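Hydrogens, waters and symmetry mates play no part in the numbers below; they use all other heavy atoms, side chains included. A quick note: this is a predicted structure, and the numbers were derived from the prediction, not measured.
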Amino acid sequence: METNRRGLFNKKWIVAFLVYVGLVALCCIALYVVPSVIGMFERTYIAEHGKIDVADEVSAFIVRDERVYVAAQKSKINRLADSNRLVKSGAKVVELTPTDAETFDLGVEDDEAEADARDAKADDKNAAESKDKASAGSDKKSEKTEDKTDNKKDEKGTAENSDKKKDEKSDTEDTENAAEQDAKLGIKGSRYAGIMKDLGDTYSVTEDGSTRTAGYVSYYVDGAEAKLSTKAIESLNYSDLKELTGHKAVKVPSKNCGKDYPVFKIVRNRKWYLVYYLKKEDAAKYAEGETVYIEVNDENVPVTVREVRDEGKNTRITLTCKTFFDGFLEIRNLDTKVIVESAEGLVLEDTSIVEAPDGKRGVFVVNKLGEHVFTPVRTKADDGTKCVVYSDIYVDEGGNYVETIGTYDEVIAEPSEEDIANLKSKEKDNSDKK
């Protein structure tokens, strides 16, 4: 009997001990395991220093003021100013020497390819003439040894050779006549006819190669100089800009020119415009009068937002600038990066930022105890995914100093509904106390 009682007591003690151990295990799980599991689903990151550019990659149209100068008479050309050189009004850009020559190449650059082509043509002509002479000499020798009948045949062959020489002479005369005719036709018979037609009466005539306007020298023309100007920019739509900036640029003659041939162009040394189109949501960050930057030749060039115009589905952005760069005079389109904002500071994810009931924006920082502490922040720049904020301390709109996050603070990537609810609850408690 006594043994049964002891066995029952031991059994109860063992059960009690097991229950105790189970309760301790549950407490441990509640204190350590559960928070760890929850933490696995709670993403955090460390706030570090960095830089953000709020920018757009654009293909823009260039609009500037230009003036084409044409020769008053047929002339030989001697260029006095290099391309891209800035000259004053009245400066002599080219030296024009009037000439009465009738057979020089008009409107065509005297480059090596063209020189080779002319030499090849001359060689062909000389070879044909030598062949004819050799054939004629052979015919004369055969006349002494052949009979009368053969002489008649030879006479016929000689007549044919004579006709061939006449034809070749006629071809040569036709070539010379074509050059003379081209000289008589002037600009209408040249490669610049279409360009000058597009210019209308907007060009200037020069007798001595001087410019009446200050600006940069260019030896390219395309016919868009008249319509693609800063005065006409308001009336130019997307189709106009695309068509005008698509004109092919042509070199002006460098050695000889005919009457009314373009000999140089002056690009005015004043404001020029850059025009491009964006979707409405992308254009929302632009404000008229603000300074933005464009990337040109690995440098950031400051420009001013002249106009932000709503045009239905898209928004037209017009920037204005006075800075000239290498290659600017030869192009009418510019593929560039427009930097609207650029800032350095602590980089945060946009999803981390929430707004408190009092209107303050901030993030939840994990402190040493693992608590989520709401900390106000102030944004410097935001690219739509990440933003740059001040570190340690900033001044709010009221001029008050506000403590904010610091480098290496652990930030909640996406605050939970519980975090936001607790924030509202604390805000309400503080309001009630007041």
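Lys380 places a side-chain N or O within donor-acceptor distance of the main-chain N or O of Glu344, the cut-off being under 3.5 Å. In terms of modelled atom types and a separation under 3.5 Å, the side chain of Lys76 and the main chain of Cys257 share no donor-acceptor contact. Listed for the His247 side chain is a donor-acceptor partner under 3.5 Å among the backbone atoms of Asp222. Under the 3.5 Å distance criterion, the side-chain polar atoms of Ser352 are matched with a main-chain donor or acceptor of Ala413. Between the Thr379 side chain and the Ala381 main chain, no donor and acceptor come within less than 3.5 Å of each other. Asn367 places a side-chain N or O within donor-acceptor distance of the main-chain N or O of Gly370, the cut-off being under 3.5 Å. Without hydrogens or angle criteria, Asp198 side chain to Ile195 main chain gives no donor-acceptor distance under 3.5 Å. Between the Asp350 side chain and the Thr385 main chain, a donor and an acceptor come within less than 3.5 Å of each other.
Glu225 CD to Thr202 OG1: the interatomic distance, rounded to the nearest 0.5 Å, is 8.0 Å. We find the CZ-OG1 distance between Arg43 and Thr351 to be 6.0 Å, quoted to the nearest 0.5 Å. How far CZ of Phe374 is from CZ of Arg361: 9.5 Å, rounded to the nearest 0.5 Å. Within the model, atoms CG of Leu228 and OG1 of Thr245 stand 7.0 Å from one another, a figure rounded to the nearest 0.5 Å. Taken to the nearest 0.5 Å, the CD1 atom of Ile412 stands 10.5 Å off from the OG1 atom of Thr375. Atom CG of Leu329 and atom OG of Ser83 lie 6.0 Å apart (nearest 0.5 Å).
Two rings, from Tyr69 and Tyr203, have their centers 6.0 Å or more apart. Checked against the 6.0 Å centroid threshold, Phe61 and Tyr238 count as a close aromatic pair. Taking the six-membered ring for Trp and the full ring otherwise, the centers of Tyr216 and Phe324 sit less than 6.0 Å from each other.
Atom CG of Asp326 has 12 or fewer neighbouring heavy atoms from other residues, nucleotides or ligands inside a 6.0 Å radius. Environment of CD in Glu234: crowded, with over 12 heavy atoms of neighbouring residues, nucleotides or ligands closer than 6.0 Å. With a 6.0 Å radius and a threshold of 12 heavy atoms from other residues, nucleotides or ligands, Tyr286 has its OH atom above the threshold. Tyr394 OH: more than 12 foreign heavy atoms inside a 6.0 Å radius. Heavy atoms of other residues, nucleotides or ligands lying less than 6.0 angstrom from NZ of Lys197 number 12 at most. Other residues, nucleotides and ligands contribute over 12 non-hydrogen atoms within 6.0 Å of the CD atom of Glu355.
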- request: Start with the C-alpha distance between Lys386 and Glu349, add both sets of side-chain angles, then the distance that settles salt bridge (charged side-chain N to carboxylate O under 4.0 Å, His left out), and finish with yes or no.
  value: CA-CA 5 Å; Lys386 294 183 178 181; Glu349 296 178 9; 5.7 Å; no
- request: For Thr336 and Glu295, run side chain to side chain donor-acceptor pair (under 3.5 Å): C-alpha distance rounded to whole Å, both residues' side-chain angles, the deciding distance at 0.1 Å, then the answer.
  value: CA-CA 6 Å; Thr336 184; Glu295 283 190 358; 5.9 Å; no
Worked check of side chain to side chain contact (heavy atoms under 4.5 Å, CB included) between Leu346 and Tyr408: CA-CA 9 Å; Leu346 296 182; Tyr408 304 126; over 6 Å; no
- request: Decide yes or no on salt bridge (charged side-chain N to carboxylate O under 4.0 Å, His left out) for Lys251 and Glu330, but give the supporting numbers first.
  value: CA-CA 10 Å; Lys251 285 183 180 181; Glu330 286 78 35; over 6 Å; no
task: Could you go through the salt bridge (charged side-chain N to carboxylate O under 4.0 Å, His left out) check for Lys279 and Glu281 one step at a time?
output: CA-CA 6 Å; Lys279 294 180 180 179; Glu281 55 270 26; 5.1 Å; no
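Shown here for Arg212 and Ser89, the closest heavy-atom pair between the two residues is O-OG, 2.8 Å.
Between the side chains of Glu418 and Ser416, not a single donor N or O lies within less than 3.5 Å of an accepting N or O. No side-chain N or O of Ser229 forms a donor-acceptor pair with one of Asp65 less than 3.5 Å apart. Side-chain atoms of Arg67 and Ser204 include a donor-acceptor pair closer than 3.5 Å.
A cation-pi arrangement is present between Arg306 and Tyr273 under the rule of less than 6.0 angstrom and at most 45 degrees off the ring axis. With a 6.0 Å cutoff to the six-membered ring centre and a 45° limit on the axis angle, Arg79 counts as a cation-pi contact of Tyr219. For the pair Arg64 and Phe328, the cation-pi criterion (under 6.0 Å, within 45° of the ring axis) is fulfilled.
Screening Asp335, Leu278, Leu334, Ile317 for a side chain to side chain contact (heavy atoms under 4.5 Å, CB included) with Val58, the sole residue that qualifies is Leu278.
Side-chain contact between Val395 and Tyr401 is present, with at least one heavy-atom pair separated by less than 4.5 Å.
Contact check on Asp310 versus Lys280 returns a salt bridge, with a Lys/Arg side-chain nitrogen under 4.0 Å from an Asp/Glu carboxylate oxygen. The pair Asp56-Lys285 meets the salt-bridge criterion, since a charged nitrogen lies less than 4.0 angstrom from a carboxylate oxygen.
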